[in-house]
Amino acid sequence: MSSAVVAPLLGLVVAFLFALSAYFQQKAARQTRREGHSVATGAYALMSKLVRDPVWLGGWVVNLLGFATQALALHVGSVATVQPMLATQLLFALPMASFEQRTRPRLRDWAGALCISAGLIVLLVVVHVRTLPGHPDRDRIIVAALAAVAAIAVLIPIASRVGPGMLVVVAASCAGLCFAMTAVFITLTTDDLVNHGIAYTARDWVGYALAASTILGLVLGQGAFANGPLPWAVATKETANPIASYAIGVLAFPVALPSSAQTVSGVVVAGLLVVAGAIALAGSPSAEVWLSRTTDEAAKAVS
């Protein structure tokens with residue numbers, strides 16, 4: 001079997017493993033939320049509970065298996081072949097979420113998931129947002145990091161007051177932003193290791209920023225899983241991440257804004273598909289059932 005076939009198939013396996021990991025993490029995060037712990041009440045309390053949960057730890061074993069499979073897929077094929085397949089993660093997360101709720105995905109749910117996945121695939125193929133080429137401007141990366149921290153510090157408390165539905169969207173978006181920053185810091189840290197050695201890397205700030213963005217993204221992701229439907233959390237995070245990556249690329253890397261008619265058209269089509277899918281998922285009766293249960297669980301946790 002040729003690499004042109006094997007690499008996309010492995011990409012689909014990776015998408016399934018990441019979705020399965022998210023399912024286990026959400027299962028544990030929901031239980032933790034029932035006990036009164038959430039990203040709104042304290043990140044330390046939330047994570048200290050989750051890291052002792054065997055279901056959550058099992059989710060991370062699956063996640064690591066997904067990363068290993070992704071590395072294999074990228075060894076067999078190219079980034080352009082493998083990465084778009086990861087956008088299908090939502091198509092696996094949807095039936096998993098329905099299985100937990102003991103329901104079947106509605107046609108509207110499938111249509112929304114297909115639109116979002118298709119939009120992300122178009123975006124990844126057209127503008128190559130997963131790859132950040134060339135040498136970055138570190139000063140601009142600092143500006144991007146400070147802006148990201150400020151946005152998270154403002155938006156999370158506001159979303160917490162509005163309710164679970166808003167919190168899941170904002171927390172997942174902020175998690176996607178954090179993981180986009182993580183990708184940037186990985187690039188810088190790798191450059192430090194290759195060109196300057198371990199001692200220099202240990203003194204440079206980017207390694208510590210890498211750890212901070214990864215941990216913050218992890219915490220925010222768990223908050224998203226605990227407060228809303230799994231498809232909402234996965235769709236929002238997977239949409240925010242490439243958009244944030246592209247914005248950072250334009251700001252700090254030699255990445256040009258789309259200029260050709262074909263690229264602009266692709267971006268517009270991708271945007272329309274994602275928006276249409278988001279509207280379909282947001283108005284789904286399945287999501288309303290999930291949110292009502294989340295609200296009831298939160299009320300019981302408080303009482």
Side-chain angles (χ1 to χ4, degrees), residues 15 18 22 79-80 82-91 93 112-134 136-137 140-141 143-152 154-156 159 166-187 213-214 216-218 220-221 223-224 228 231-260 262-282:
F18 284 163
V79 172
V82 175
Q83 293 302 104
M85 294 297 100
L86 303 189
T88 62
Q89 184 182 153
L90 178 57
L91 299 178
L114 283 169
C115 282
I116 292 175
S117 296
L120 291 176
I121 290 173
V122 171
L123 186 65
L124 291 168
V125 170
V126 170
V127 299
H128 310 292
V129 293
R130 294 283 187 178
T131 55
L132 296 174
D137 184 327
R140 292 189 174 188
I141 288 177
V143 171
L146 292 176
V149 171
I152 293 169
V154 171
L155 293 175
I156 291 296
M166 179 61 70
L167 184 56
V168 64
V169 173
V170 172
S173 297
C174 291
L177 173 58
C178 286
F179 290 132
M181 294 302 307
T182 293
V184 172
F185 294 137
I186 287 175
T187 301
S213 64
T214 303
L216 182 57
L218 174 61
L220 291 168
W232 282 24
V234 170
T236 306
K237 181 169 69 70
E238 293 303 309
T239 301
N241 181 267
I243 293 173
S245 294
Y246 189 66
I248 296 167
V250 172
L251 175 67
F253 287 77
V255 174
L257 287 168
S259 56
S260 68
Q262 181 180 2
T263 303
V264 172
S265 298
V267 171
V268 171
V269 169
L272 291 174
L273 285 170
V274 169
V275 169
I279 292 173
L281 287 180

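Residue numbers start at 1 and run along the sequence shown.
For Ser173 and Thr236, the side-chain atoms include no donor-acceptor pair closer than 3.5 Å.
We find the SG-CG distance between Cys115 and Leu120 to be 11.0 Å, quoted to the nearest 0.5 Å. We find the CE-CG distance between Met166 and Leu155 to be 10.0 Å, quoted to the nearest 0.5 Å. Considering CG of Leu220 and CD1 of Ile152, their distance stands at 5.5 Å, rounded to 0.5 Å. Atoms CZ and CD1, on Arg140 and Ile248 in that order, are 13.5 Å from each other to the nearest 0.5 Å. Here the CG atom belonging to Asn241 is positioned 9.0 Å from the OG1 atom belonging to Thr182, to the nearest 0.5 angstrom. With values rounded to the nearest 0.5 angstrom, Leu177 atom CG is found 9.0 Å from Leu216 atom CG.
The shortest side-chain heavy-atom distance between Leu123 and Thr239 does not fall under the 4.5 Å cut-off.
Across every non-hydrogen atom of Ala171 and Ile156, the tightest pair is CA-CD1, 3.9 Å. The two residues Gln89 and Val234 make their nearest non-hydrogen contact at OE1-CG1, 3.8 Å. Here the shortest heavy-atom pairing between Ala224 and Val168 reads O-CG2, 3.1 Å. Taking each heavy atom of Ser213 and Phe185 in turn, the nearest pair found is OG-CD1, 3.6 Å. Val184 and Ile141 get closest at one heavy-atom pair: CG1-CD1, 3.6 Å. Between Leu124 and Pro242, the shortest heavy-atom distance links the atoms CD2-CB, 4.3 Å.
A distance-only check finds a donor-acceptor pair linking the side chain of Trp232 to the backbone of Leu281 [under 3.5 Å]. Between the side chain of Ser260 and the backbone N or O of Thr263, at least one donor-acceptor pair lies under 3.5 Å.
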Task: Check against side chain to side chain donor-acceptor pair (under 3.5 Å), Ser117 and Thr88 - done: CA-CA 5 Å; Ser117 296; Thr88 62; over 6 Å; no
